[in-house]
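These notes concern the structure reproduced below.
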Amino acid sequence: MSEMITADLVDLDLSADTKEAAARALAERMVARGRVTDLEGFLTDVAAREAQMPTGLDGGIGIPHCRSRHVTEPTLAFGRSTAGIDFGAADGPADLIFLIAAPAGADDAHLTILSSLARQLMNTEFTDALRSVGDAPSAAALIRGEDTGSEDSRPENRGEDTRSETSPSAGSESSEDSVAVPAAASAGTATGSPAPEPERPFRIVAVTSCPTGIAHTYMAAESLENAGRDSGVEITVETQGSAGFIRLDPAVIAAADGVIFAHDVPVREKDRFAGKPTVDTGVKAAINRPADLITEVRGKAERGEVTAAASAGTPVERGGEPGEGYGTRLRKWLMSGVSYMVPFVAAGGLLIALGFAIGGYEINEAPSVTDHFVWTQAASWGALLFQIGGVAFGFLVPVLAGYIAYGMADRPGLVPGFVGGAISLTINAGFLGGLAAGLIAGGVVIAIQKVRIPAALRGIMPVVVIPLISAAVVGFLMFVVIGKPIAEAQKGMTDWLNGLSGANAVLLGALLGLMMCFDLGGPVNKVAYTFATAGIAVASPSDSAMKIMAAVMAAGMVPPLAMALATTVRGKLFNKTERENGKAAWVLGASFISEGAIPFAAADPLRVIPASMVGGAVTGALSMAFGATLRAPHGGIFVVPLIGNPFLYLVAIAAGVCVTAATVIVLKGLRKAAPAGPGTDESTSAPSPENKQPVAA
């Protein structure tokens with residue numbers, strides 16, 4: 001790590017009081033060294049990674065990190081805070097902060113070095129030394145490994161000594177001895193020959209992975225290995241990081257007594273571990289409570305609880321931590337389907353909209369381009385785009401159903417889910433039918449997986465038996481039992497939407513605006529967006545459906561644009577970081593990326609979110625009242641030529657933006673301390689929830 005960190009990338013007196021300020025202070029050092037080319041772009045990438053999952057760890061450690069195209073070479077900056085900075089760890093603020101910057105195309109060697117650092121953070125001697133080191137050059141040398149004793153540097157070996165079954169170490173022998181009963185050992189000595197291994201240790205295989213694949217992946221592996229040594233358990237970990245992964249030996253998997261999946265992205269080749277007691281959780285659980293996970297998997301093994309296939313799903317789709325309620329898991333299953341469906345919506349919808357823009361609104365009656373296509377005619381190109389978009393739209397309901405089932409039951413759920421979704425289209429059950437088909441398919445697969453199967457048949461279960469039985473059951477239910485009632489409900493909802501007018505339409509627009517601005521890209525936002533896109537996911541959407549789509553997109557643009565306007569009009573009410581974020585929010589808002597307001601909402605939710613909802617409701621209501629229509633499901637300001645009544649549509653957006661900006665300015669102005677003196681604007685206007693500064697009464 002000789003080039004990755006130097007003394008000028010170390011700040012032993014980090015004065016930042018928020019995680020954003022800490023990242024900025026350390027990133028500025030990277031910019032000064034030429035390691036980061038665009039400070040704001042890099043910090044946006046860091047914030048996006050932080051939004052996926054807090055990077056604070058128990059033990060006073062914060063590891064903000066990301067892969068970014070603005071990074072020229074893998075770089076590490078280190079800061080030490082006296083007061084501590086909140087990075088979201090359960091045990092409180094972090095005093096050791098490591099900012100890890102990896103290029104978008106970082107090579108395996110550098111990522112291996114970064115993973116080695118991540119493992120060192122699990123070594124208390126290493127962190128204690130960092131807390132006591134007196135100068136920046138010594139701290140940099142310590143992080144590079146120049147001052148750490150090799151005998152204590154397990155992280156430098158990356159845990160290989162603990163994984164090997166062919167070369168047991170002294171540590172592993174002592175752990176086995178600690179498990180054996182002393183009387184058994186003395187009995188073996190009395191016979192004059194060493195007793196056979198009294199009882200082989202419990203064996204676990206584990207997989208760790210995180211969204212970035214740089215830090216948490218390897219810290220979780222190190223934490224599990226350390227806990228395994230402490231409890232006399234043999235544990236072998238496969239780290240699925242950014243540098244790829246080396247598959248565990250199939251023999252090691254076969255010999256394992258249990259499996260731990262600690263991950264926040266899907267485990268690759270998960271079927272290798274089928275048929276064993278399995279604990280499936282998030283990666284931070286392995287870092288913070290590895291002993292509990294080991295105890296849990298041992299308990300499952302004692303009770304004979306095994307998985308016939310990867311039925312537990314992944315935390316990304318089915319919801320991470322054990323003990324979550326059914327409602328939470330249901331929401332994540334549905335969001336799994338929606339997240340896979342949205343790209344088809346965006347691609348198909350924009351293609352259809354462009355087809356109309358080029359070929360006119362009669363383009364939906366054009367003959368197939370396979371029969372008639374003239375290279376020099378705009379109408380032919382419009383028909384081509386329209387028909388490609390129509391094909392893309394044809395996948396929406398099957399993809400929605402398939403990936404809801406996938407979120408519930410992993411890969412075995414895909415076949416019945418897609419089949420059920422296709423049947424939903426066939427019987428005109430539409431979007432509601434897709435939701436039902438996905439949930440039914442996932443439930444059927446889970447039920448099949450709970451049946452005890454002879455070991456000889458387990459190999460063909462995921463490939464033959466489960467797809468055959470589940471597709472037949474789902475098909476029967478959709479065609480014969482529930483398909484027709486759902487189709488009638490779908491038709492009723494469509495007719496209701498088509499009949500909306502006047503006050504009812506305005507109220508619906510206001511409601512959708514409130515939902516779009518409530519959680520800024522979260523589940524409630526996605527419900528409103530999915531409702532709108534489902535209405536236009538046909539070749540010839542109704543006028544009401546296009547009005548709903550217009551209202552939803554307009555409201556979703558309001559929060560980031562309003563925050564950008566507020567930081568421009570009254571910059572003194574915002575700190576430096578927020579003013580910088582406000583510049584980017586102009587572009588994000590114009591592009592219909594509601595998440596552009598998240599930094600403001602996270603720092604001051606009690607003011608920003610209500611203000612955003614008020615403005616969103618105004619915009620949604622006005623858009624519906626003005627009769628604006630939209631055929632494209634995305635694009636923001638860039639698809640205005642495809643909008644019906646574009647001028648009034650922009651007026652609706654401007655009104656909502658002004659309402660939200662004015663509300664935020666008023667609320668933040670009321671918050672300011674009464675005795676604010678000269679030069680206090682910056683400090684008193686900083687966001688109190690993040691900075692944790694009391695507000696003067």
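Keep in mind that what you see is a predicted model, and the values were worked out from it rather than measured. Residue indices begin at 1 and follow the sequence shown. Values reported hereafter were calculated over all heavy atoms of this structure, with side chains retained and with hydrogens, waters and symmetry mates removed.
No more than 12 heavy atoms of other residues, nucleotides or ligands sit less than 6.0 Å from atom CZ of Phe518.
For the pair Ala401 and Ala437, the tightest heavy-atom approach, listed with the atom from each and the gap, is CB-CB, 4.2 Å. Between Ile423 and Gly475, the closest heavy-atom pair is CD1-CA, 3.5 Å.
Two residues are said to be in side-chain contact when any heavy atoms from C-beta on lie closer than 4.5 Å; Glu238 and Arg247 meet this criterion. Under the 4.5 Å side-chain criterion, counting only non-hydrogen atoms from C-beta, Met624 is not in contact with Leu507. Leu630 places a side-chain heavy atom less than 4.5 Å from the side chain of Met549. Taking 4.5 Å as the limit, every side-chain heavy atom of Pro250 sits out of range of all side-chain heavy atoms of Arg272. The shortest distance between side-chain heavy atoms of Ile548 and Leu508 falls below 4.5 Å. In this structure the side chain of Phe386 never reaches within 4.5 angstrom of the side chain of Leu351, judged on heavy atoms. Using a 4.5 Å cut-off on side-chain heavy atoms (C-beta onward), Val473 and Leu477 make contact. Between Met408 and Ile446 the shortest side-chain heavy-atom distance falls below 4.5 Å.
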TODO: May I have the step-by-step check of side-chain contact (heavy atoms from CB on, under 4.5 Å) for Val297 and Val259, ending in yes or no?
DONE: CA-CA 7 Å; Val297 77; Val259 179; 5.7 Å; no
Open item on the list: For a side-chain contact (heavy atoms from CB on, under 4.5 Å) check, start with the C-alpha distance between Lys484 and Ile427, then their side-chain angles and the critical distance, and finish with the verdict.
Closed with: CA-CA 7 Å; Lys484 187 174 181 180; Ile427 62 177; over 6 Å; no
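A distance-only check finds a donor-acceptor pair linking the side chain of Gln387 to the backbone of Pro367 [under 3.5 Å]. Here the side chain of Thr426 pairs a donor or acceptor atom with the backbone of Ala422 at under 3.5 angstrom. For Tyr649 (side chain) and Ala550 (main-chain N/O), a donor-acceptor pair under 3.5 Å exists by modelled atom type. Not one N or O on the side chain of Lys276 forms a donor-acceptor pair closer than 3.5 Å with the backbone of Val205.
Relative ring orientation between Trp381 and Trp375 is described as perpendicular, the plane-to-plane angle rising above 60° on a 0-90° scale split at 30° and 60°.
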